[in-house]
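Right, one structure below, let's go through it.
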Number of protein chains: 2
Amino acid sequence: MQDKITKLFKAIADPTRRDIFHALVIATSALSITQISSQFDISRQGVTKHIKTLEEAGLVNINTNGRERFCYANAKPLKEVSKWVEFYTQFWDNSLQNLEDFLNNSKDA
Amino acid sequence: MQDKITKLFKAIADPTRRDIFHALVIATSALSITQISSQFDISRQGVTKHIKTLEEAGLVNINTNGRERFCYANAKPLKEVSKWVEFYTQFWDNSLQNLEDFLNNSKDA
DNA sequence: TTTATATGCAACTATTTGGTTGCTTTTAAA
DNA sequence: TTTAAAAGCAACCAAATAGTTGCATATAAA
């Protein structure tokens, strides 16, 4: 399909998926698919699909117990996102902003 | 369409767009659409579309000069991504991992 | 002023995405 | 052992996405 980091970025790009992930993170125990579904307006199958995407991104792990599948969040892969962003933090306030200023000034001149 | 943060996440979810953004960040000057296109295998129109997405996410600003549109990166909006990730860093090594261990242990018992 | 360059706009296409419903299978509970 | 619950699988659908091509327009250069 696509590389790991893109899977990860795509997983967190969907707002519903971010909400599901968040619900799992703050949950005091692992939640079954049905339990997760009860918290959202979409169907159980819809949740299943999102869970699969999150699982493939490494953000959710599943522990099967009988007929139930207990899902719990794993935030570790977000380190990759953090690392990606970190590279660009050095550009938050410096040269590129200066370039912007430079161009704006040359317009006025 | 969708909320600001989702636009931002979606903007960086596409690998080509991340590449374009990166190229703009490390460029020593603003680049025209044509200049950007020359660095990528997709058509100029394809680049234009990506630039528009990046612009709407606030990651690219454009300075029009005559018939040319000079694009430059603005990394600042990534602060929002950083903030989003930061909340979950507290879960990188603690309780959720413990839950995983707990469940694995109860399987063995 | 003619010509060439930079870009925009619009239509089209294939694939992916986010969602649905229906049915089956597995497992637990009456 | 019958019944109910949890989930998977598959097909389907509409909308969004990532890309294309063709043509028009604006601007700079000969």
Side-chain angles (χ1 to χ4, degrees), chain A residues 1-21 23-24 27 29-57 59-72 103 106-107, chain B residues 1-21 23-24 27 29-57 59-72 103 106-107:
Chain A
M1 187 221 199
Q2 56 203 351
D3 60 296
K4 217 162 186 283
I5 191 83
T6 297
K7 266 191 192 173
L8 180 58
F9 274 115
K10 282 204 188 295
I12 60 175
D14 182 80
T16 304
R17 226 139 45 209
R18 284 200 304 279
D19 287 348
I20 292 176
F21 176 69
L24 289 176
S29 69
L31 300 178
S32 71
I33 302 286
T34 304
Q35 285 173 329
I36 297 166
S37 305
S38 71
Q39 297 186 35
F40 293 88
D41 280 340
I42 62 175
S43 71
R44 179 177 55 81
Q45 295 302 339
V47 170
T48 296
K49 280 195 177 182
H50 282 311
I51 288 291
K52 195 185 167 199
T53 304
L54 289 167
E55 196 191 6
E56 283 173 3
L59 292 168
V60 162
N61 291 124
I62 301 178
N63 222 294
T64 300
N65 193 313
R67 64 184 161 180
E68 288 171 300
R69 297 178 69 221
F70 290 101
C71 309
Y72 54 99
L103 289 167
S106 41
K107 264 197 310 188
Chain B
M1 188 224 198
Q2 55 203 352
D3 58 296
K4 215 163 188 282
I5 190 84
T6 297
K7 266 190 191 172
L8 180 57
F9 275 114
K10 282 203 190 294
I12 60 175
D14 182 81
T16 304
R17 225 137 48 208
R18 285 199 304 279
D19 287 348
I20 292 175
F21 176 70
L24 289 176
S29 69
L31 300 178
S32 72
I33 302 286
T34 303
Q35 285 173 328
I36 298 168
S37 306
S38 70
Q39 298 186 33
F40 292 89
D41 279 340
I42 61 175
S43 70
R44 179 179 54 82
Q45 293 302 340
V47 169
T48 297
K49 282 195 178 184
H50 283 310
I51 288 292
K52 195 185 168 201
T53 304
L54 288 166
E55 196 190 6
E56 283 173 2
L59 292 169
V60 161
N61 291 126
I62 301 178
N63 222 295
T64 300
N65 193 313
R67 63 183 161 180
E68 289 170 301
R69 298 178 69 222
F70 289 102
C71 308
Y72 54 99
L103 289 168
S106 41
K107 265 199 305 185

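Below, chains carry the letters A, B, ... as their sequence lines are ordered, and counting in each starts from 1. In this text, all values refer to a predicted model and were calculated from it rather than measured experimentally.
Protein atom CG of A/Asn63 is 18 Å distant from nucleotide atom P of D/dA6, rounded to whole Å. The CZ atom of A/Phe40 sits 15 Å away from the C1' atom of C/dG18 (whole-angstrom rounding). Put simply, CZ on B/Phe9 is 18 Å from C1' on C/dT17, counting in whole angstrom units. Taking atom CD1 of A/Ile33 as the reference point, atom P of D/dA5 lies 18 Å away to the nearest angstrom. Between the P atom of D/dA28 and the CD atom of B/Glu68 lies a distance of 9 Å, rounded to the nearest Å. Remark: C1' of D/dA7 and CZ of A/Phe70 are 12 Å apart, rounded to the nearest angstrom. Whole-Å rounding puts the A/Lys52 NZ to C/dG19 P distance at 16 Å.
Nearest heavy atom pair, residue A/Gln2 against residue A/Lys10, reads OE1-CE, 3.4 Å. Nearest heavy atom pair, residue A/Tyr72 against residue A/Ile62, reads CE2-N, 4.3 Å. Closest heavy-atom contact between A/Thr16 and A/Asp14: N-OD2, 3.1 Å. The minimum heavy-atom distance between B/Arg18 and A/Asp3, with the atom names listed, is NH2-OD2, 4.2 Å. Nearest heavy atoms, A/Phe9 versus B/Ala13: CB-CA, 3.8 Å.
For A/Ala11, the side-chain contact (heavy atoms from CB on, under 4.5 Å) partners are A/Thr53, A/Leu54, A/Ala57, A/Leu59, not counting sequence neighbours. For B/Thr34, the side chain to side chain donor-acceptor pair (under 3.5 Å) criterion is met by no residue, not counting sequence neighbours.
Residue pairs that meet the side-chain hydrogen bond (donor to acceptor under 3.5 Å, both in side chains) test with at least one member in residues 36-50 of chain B, sequence neighbours left out, are B/Arg17-B/His50.
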Quick one: which protein N/O atoms are closer than 3.5 Å to N/O atoms of nucleotides 17-23 of chain D? Pair and distance per line, please.
| residue | atom | partner | partner atom | Å |
| --- | --- | --- | --- | --- |
| D/dA18 | OP1 | B/Asp14 | OD1 | 3.2 |
| D/dA18 | OP2 | B/Arg17 | NH1 | 2.8 |
| D/dG19 | OP2 | B/His50 | NE2 | 2.1 |
| D/dG19 | N7 | B/Lys49 | NZ | 3.1 |
| D/dG19 | O6 | B/Lys49 | NZ | 2.1 |
| D/dT20 | OP1 | B/Ser43 | N | 3.2 |
| D/dT20 | OP2 | B/Ser43 | N | 2.8 |
| D/dT20 | OP2 | B/Ser43 | OG | 2.5 |

What are the atom names and distances for every N/O pair under 3.5 Å that joins the protein to nucleotides 26-30 of chain C?
| residue | atom | partner | partner atom | Å |
| --- | --- | --- | --- | --- |
| C/dT27 | O2 | A/Arg67 | NH1 | 3.3 |

